[in-house]
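Numbers restart at 1 for each chain; the letters A, B, ... are given by sequence-line order, proteins then strands. What you see is a predicted model; the values in this text were computed from it and never measured.
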Amino acid sequence: MSSETSETEATYDVVAIQERWRPVWEDLDAFRAGTAAPGAEKRYALTMFPYPSGDLHMGHAEVFALHDVLARYWWLRGYDVLNPIGWDSFGLPAENAAIRNGSNPKDWTYANIETQAASIRRYGVSFDWSRRLHTSDPEYYRWTQWLFQKFYERGLAYRKASPVNWCPNDQTVLANEQVVGGMCERCGAVVTKRELTQWFFKVTDYAQRLLDDMEGLKDTWPERVLTMQRNWIGRSEGAHVEFAIEGRDEPVTVFTTRPDTLFGATFFVVAADAALAAELVTAEQRPQFEAYLEEVRRASDIERLASDRPKTGVFLGRHAVNPVNGERIGIWAADYVLADYGTGAIMAVPGGDERDFAFAQAHDLPVVHTVQPPADFDGGAYTGDGVTINSANDEIDLNGLDVETAKQRVLGYLESKGVGTGTINFRLRDWLLSRQRFWGAPIPIIHCPSCGEVPVPQDQLPVVLPDLEGDELKQQGGRSPLANATDWVNVPCPRCGGDAQRDTDTMDTFVDSSWYFLRYISPQDDTQAFDPEGVRAWMPANQYVGGVEHAILHLLYSRFFTKVLADMGMIDFQEPFTALLNQGQVINQGKAMSKSLGNGVDLGKMIDEFGVDAVRLTLVFAGPPEDDIDWADMSPGGSLRFLQRAWRLAGDVTSAPGADAADGDRDLRQATHRTVRQAEELLESHRFNVVVARTMELVNTTRKAIDSGVGGADPAVREAVEAVALLLSLVAPYTAEDMWERLGHEPTIGRATWPTVDESLLAQESVTAVVQVMGKVRARLEVSPDISEADLQEQALAAIAAHTEGRAVRRVIVRAPSLVNVVVG
RNA sequence: GCCCCCAUAGCCCAAUCGGCAGAGGCAGCCGACUUAAAAUCGGCCCAGUCCGGGUUCGAGCCCCGGUGGGGGCACCA
């Protein structure tokens with residue numbers, strides 16, 4: 001039975017609407033950067049590009065929905081918007097999958113990318129697809145390698161042997177940033193230490209600038225991200241102090257933040273696993289030391305991190321000399337001193353440091369206080385401020401000084417003696433970037449027996465990965481699988497032509513993602529990494545949206561890259577991301593979604609059931625963007641019903657497109673214009689959930705107007721419904737597009753124009769003034785918004801005369817035009 | 001252990017400058033439509049803002065002290 005569906009009976013068919021508009025949008029390709037009106041201001045909307053782990057999940061759906069609100073809003077406001085998408089497509093899961101099923105990481109990766117790309121297109125995000133990139137494309141990693149060489153030329157990429165973090169599960173080394181609580185950030189395995197020669201980026205050279213430039217981000221980045229970065233960089237001011245060592249020509253330098261306590265240094269500690277410990281130990285003490293070192297090496301980082309464990313250590317049989325009082329103090333090896341922080345050796349002041357005190361107690365060492373503790377102090381180490389005591393020699397007397405002054409005084413003394421100097425120490429370590437894995441950008445260096453490290457000539461980049469698959473990807477003896485590809489490894493030295501070998505490590509995937517936002521600007525350029533003109537026009541990105549899990553790793557590295565490129569003169573800004581928005585997590589029933597809990601919510605199923613728009617709307621409406629969303633508390637069905645109500649409004653509009661709203665219903669017009677103005681303010685402050693609420697309100701108001709006499713022919717109704725469609729287009733683009741068509745417009749609403757607010761419609765004709773007596777509301781008055789304070793007071797007092805009768809009016813607070821509070825005595 | 005954020009109706013959340021606690025949604029209840037149900041539409045109920053102090057004419061908002069939840073740091077000398 002076929003029947004014609006009349007406009008009023010038309011049904012809102014989610015699936016049909018999606019199927020209808022997706023191909024139309026693809027043909028229109030409406031969101032290409034550079035297509036705004038000439039002279040339009042440029043805006044760069046950036047979202048953290050996905051790793052192709054499988055299909056999209058709820059987390060992606062949330063970021064993309066939030067991110068797209070701003071990108072689409074910017075288009076409607078007439079900006080020229082750059083909103084690119086790509087894939088962070090190098091990385092371990094591809095390789096592990098390939099080993100499991102005997103295939104090629106490339107096939108797994110690119111198949112997943114296609115799956116995700118199709119899902120993203122269906123999801124209706126306003127990406128500029130012409131800028132799509134994948135970090136695993138040779139055309140991309142060619143420039144990652146090129147950048148590596150630029151860093152190398154500047155001495156910012158170097159190789160050194162050191163104890164490094166090793167993940168026994170992933171069979172590769174890790175950067176410090178990738179070790180969380182002694183465990184591999186990726187897979188959770190307990191990380192061990194290995195002495196290996198590895199490549200590093202000299203991020204420590206930029207520690208101070210990375211810290212200082214956060215000042216300019218403090219209003220536009222989440223405070224907690226800045227705090228985390230500050231903690232990670234870990235700047236501390238102090239001094240280097242030299243201690244003479246008996247039986248050794250060279251003194252040993254220690255770092256301390258408390259040089260004022262030097263007179264209280266009663267022993268000396270060297271990190272047990274530092275080379276210095278093995279050097280200093282006497283023959284007599286060596287057996288004990290070796291045994292202890294063995295014990296320390298066996299302990300995992302997790303055990304070491306437990307702060308309440310006993311302070312262990314062994315005496316090395318040797319003494320140092322305290323430079324201020326000439327005392328011989330014993331040198332110990334212990335594991336509470338870290339080999340790779342400061343100089344790996346400390347002066348121990350048990351009277352002023354809890355850890356040193358604990359060690360002194362455990363090994364029966366003397367304790368001297370150098371700051372007078374308060375009378376009621378009953379602890380061992382006093383770390384607070386106070387008056388310096390026990391700190392004088394023939395040349396200097398710190399006694400009586402406060403801590404800060406004592407620091408300055410002793411530093412001057414140490415400097416004059418040439419045994420100490422003020423210094424700043426950072427917790428941040430250099431970025432270990434090499435990985436013993438296959439699926440990454442090969443490090444473009446050739447090792448020649450006679451020439452040493454030789455960069456691959458730039459005209460020979462990229463160094464393309466060989467085709468390995470299945471078992472060929474397995475490591476042997478902790479070496480990269482690339483070492484197995486002998487044809488690939490053995491090459492002539494570019495310098496001398498002799499037999500040489502390629503470096504077989506690949507780069508940390510965080511190198512790939514440290515500059516992708518620059519590549520988006522000229523992704524097809526095969527002559528340079530990025531186009532400087534384009535970068536000047538678009539960067540820094542106006543808004544970056546992504547998860548807080550990258551608070552340190554990706555964001556710190558990208559900031560570092562940006563500063564290095566600025567130093568090279570390739571870009572003219574210091575920070576890559578002007579503003580940062582961290583969306584919350586999508587959880588379920590109070591817990592993170594996980595396979596083991598079986599509480600995962602399938603995005604595809606949700607979309608099948610409720611449609612793209614309802615899912616997007618639900619995620620945006622759930623709450624403030626940075627809050628977690630508990631899917632169990634959400635009702636996509638409610639979102640769908642709302643979209644349906646909104647959509648139906650379009651069928652009630654009977655005026656022609658372009659109808660002049662000027663003579664339309666004034667109340668409805670006011671509601672429309674106030675809603676638009678509020679939306680503008682709310683969008684600026686990222687309160688997208690409230691924008692949705694305001695849109696719902698306008699839908700309700702419009703519905704009532706239509707049904708209660710204003711009628712569908714009133715041009716104010718058209719104005720209201722068009723505003724609804726435009727507001728909705730930020731969140732529910734399919735529904736909005738369909739409404740737009742029913743309203744008689746051409747696609748696409750995504751490139752339509754944001755309504756112009758008529759300021760005269762924002763003014764209120766009258767407002768309700770509240771009259772309080774002693775803070776309690778006793779009367780309400782309808783008054784003009786520009787009523788004078790005197791008039792309002794007069795009217796108010798008259799209105800509440802009954803309440804003040806017999807009582808003296810002591811004070812009247814007037815806040816025209818909204819409130820009067822009468823204080824009676 | 002130290003630092004930061006949060007707490008508003010059964011639930012998710014609003015509330016410009018310190019000025020009427022409620023905008024929106026979910027759930028619930030009643031009604032209309034229906035043979036009935038679903039869907040839809042209309043209406044209604046619901047907290048005095050985690051607890052205890054303080055400042056103020058006036059506090060959800062500011063200050064102090066707790067409780068509960070979330071996050072960060074944690075042998076970095």
Side-chain angles (χ1 to χ4, degrees), chain A residues 11 181 222-232 234-236 238-239 254-259 261 265 269 271 304-309 311 334-338 340-349 352-356 358-359 425-429 548 551-552 584-585 590 617-618 621-624 626-639 641-642 644-645 648 675 678 681-682 685 687 689-700 703-704 707 768-780 810-815 818-824:
Chain A
T11 51
E223 182 54 41
R224 60 174 177 155
V225 171
L226 298 177
T227 303
M228 285 164 76
Q229 292 214 0
R230 237 175 250 124
N231 286 341
W232 187 259
R235 182 184 199 269
S236 71
V254 301
F255 175 73
T256 176
T257 55
R258 292 295 301 276
T261 64
V269 188
R304 284 190 64 159
L305 284 170
S307 47
D308 52 353
R309 61 194 284 265
K311 293 276 179 291
D335 68 354
Y336 82 92
V337 170
L338 307 175
D340 53 359
Y341 182 76
T343 62
I346 63 157
M347 64 181 217
V349 185
D353 183 283
E354 305 280 2
R355 299 151 301 181
D356 295 344
F359 191 86
N425 206 40
F426 292 95
R427 209 187 77 125
L428 182 73
R429 318 288 160 80
V548 74
I552 297 174
Q585 306 271 36
L617 181 78
T618 302
F621 184 51
E626 53 279 353
D627 285 9
D628 285 353
I629 296 170
D630 194 331
W631 192 256
D633 295 333
M634 295 301 119
S635 64
S639 300
R641 285 200 295 277
F642 162 69
Q644 189 163 195
R645 275 201 305 280
R648 272 204 218 95
T675 302
Q678 283 181 15
E681 291 163 4
L682 292 165
S685 50
R687 288 184 292 167
N689 55 323
V690 189
V691 174
V692 173
R694 294 283 172 266
T695 308
M696 290 172 168
E697 220 175 335
L698 184 57
V699 167
N700 294 344
R703 178 85 265 155
K704 282 189 181 119
D707 294 347
T768 305
V770 173
V771 186
Q772 300 175 328
V773 177
M774 302 299 283
K776 287 208 163 65
V777 179
R778 298 299 186 190
R780 287 164 209 276
R810 281 217 325 235
R811 196 172 160 193
V812 183
I813 289 105
V814 183
R815 291 285 177 275
S818 58
L819 178 131
V820 177
N821 189 15
V822 180
V823 185
V824 294

Practice task
Tell whether Arg224(A) reaches the base of G72(B) with its side chain through a donor-acceptor pair below 3.5 angstrom.
Solution key: no
Handout entry: Proximity to the side chain of Tyr341(A) - top-ranked nucleotide from C20(B), A77(B), G24(B)
Key = A77(B)
Practice task
Return the nearest nucleotide to the side chain of Arg811(A); candidates are G24(B), C57(B), A27(B).
Solution key: C57(B)
Practice task
Name the nucleic acid region contacted by Thr227(A), choosing base, sugar-phosphate or nothing; use a 4.0 angstrom heavy-atom cut-off, strictly under.
Solution key: nothing
Handout entry: Point-to-point distance, once rounded to the nearest 0.5 Å, from CG of Asn231(A) to CD of Gln229(A)
Key = 10.5 Å
Handout entry: Which nucleotide in C12(B), C20(B), C13(B) has an atom nearest any side-chain atom of Asp633(A)
Key = C12(B)
Exercise for the section: Report which part of the nucleic acid Arg427(A) touches: base, sugar-phosphate, or nothing (heavy-atom distance under 4.0 Å, all strands). Expected result: base
Fill in the blank from the handout: The nucleotide from C12(B), C57(B), G42(B) with an atom nearest the side chain of Met634(A) is C12(B)
Exercise for the section: Report which part of the nucleic acid Met347(A) touches: base, sugar-phosphate, or nothing (heavy-atom distance under 4.0 Å, all strands). Expected result: nothing
Handout entry: Any-strand Watson-Crick or G-U partner of U55(B), both distances under 3.5 Å
Key = none
Practice task
Using only side-chain N and O atoms of Arg687(A), determine if any of them is under 4.0 Å from OP1 or OP2 of A15(B).
Solution key: yes
Handout entry: Phe255(A) and Tyr341(A) aromatic ring geometry - parallel, tilted or perpendicular at 30°/60° bounds
Key = perpendicular
Practice task
Can you sort out the partners of Thr675(A) under side chain to side chain donor-acceptor pair (under 3.5 Å), two or more places apart, ordered by chain and number?
Solution key: none
Exercise for the section: Between A77(B), C20(B), G43(B), spot the one nearest the side chain of Leu338(A), thanks. Expected result: A77(B)
Problem - Most 5' of Ile346(A) and Leu682(A) on RNA chain B, judged by nearest nucleotide - result: Leu682(A)
Practice task
Please determine, for U40(B), whether a Watson-Crick or G-U wobble partner exists with both distances under 3.5 Å, and give it or none.
Solution key: A32(B)
Practice task
Look at all strands and tell whether Arg230(A) reaches a base, only sugar-phosphate, or nothing, counting heavy atoms closer than 4.0 Å.
Solution key: nothing
Practice task
Check every strand shown and say whether Val823(A) touches a base, only sugar-phosphate, or nothing at a heavy-atom separation below 4.0 Å.
Solution key: sugar-phosphate
Problem - Contact under 4.0 Å: Asn689(A) side-chain N or O vs C12(B) OP1/OP2 - result: no
Fill in the blank from the handout: Testing C13(B), A77(B), G25(B) for proximity to the side chain of Ser236(A), the answer is A77(B)
Handout entry: base_contact_polar (A39(B) base, Arg641(A) side chain, donor-acceptor, <3.5 Å)
Key = no
Exercise for the section: Determine which nucleotide pairs with U49(B), using a 3.5 Å limit on both distances of a Watson-Crick or G-U wobble pair. Expected result: none
Handout entry: Among A77(B), C20(B), G19(B), the one nearest Val777(A) by side-chain distance
Key = C20(B)
Problem - Distance in Å, Leu698(A) CG paired with Arg694(A) CZ, rounded so as to fall on 0.5 Å steps - result: 11.0 Å
Practice task
Drop me the distance from Leu338(A)'s CG to Thr343(A)'s OG1, to the nearest 0.5 angstrom.
Solution key: 11.5 Å
Problem - Spacing of the C1' atoms in C20(B) and C61(B) (rounded, Å) - result: 16 Å
Exercise for the section: Mark yes or no for a side-chain to base donor-acceptor pair under 3.5 Å between Asn821(A) and C57(B), with no hydrogen or angle criteria applied. Expected result: yes
Practice task
Tell me the partner of G68(B), counting only Watson-Crick (N1-N3 plus N6-O4 or O6-N4) or G-U wobble (N1-O2 and O6-N3) with both under 3.5 Å; none if nothing fits.
Solution key: C6(B)
Problem - Nearest to side-chain heavy atoms of Asn231(A), which nucleotide of G42(B), G24(B), G72(B) - result: G72(B)
Handout entry: Arg429(A)/Asp340(A) ion pair, N-O < 4.0 Å
Key = yes
Practice task
Have a look at Glu354(A) and say if it touches a base, only the backbone sugar-phosphate, or nothing, with a 4.0 Å heavy-atom cut-off.
Solution key: nothing
Handout entry: Lys311(A) NZ - A77(B) C1' separation (whole Å)
Key = 12 Å
Handout entry: Closest to side chain of Ile552(A), choosing from G24(B), C20(B), C73(B)
Key = C73(B)
Practice task
To the nearest 0.5 angstrom, please state how far the CG atom of Asp633(A) sits from the CG atom of Asp628(A).
Solution key: 11.5 Å
Practice task
When you get a sec, tell me which of G72(B), A77(B), A14(B) is the closest nucleotide to the side chain of Arg694(A)?
Solution key: A14(B)
Exercise for the section: In whole angstrom, give me the gap between the P atoms of G60(B) and C2(B). Expected result: 31 Å
Exercise for the section: State whether Asn700(A) places a side-chain N or O below 4.0 Å from either non-bridging phosphate oxygen (OP1 or OP2) of G25(B). Expected result: yes
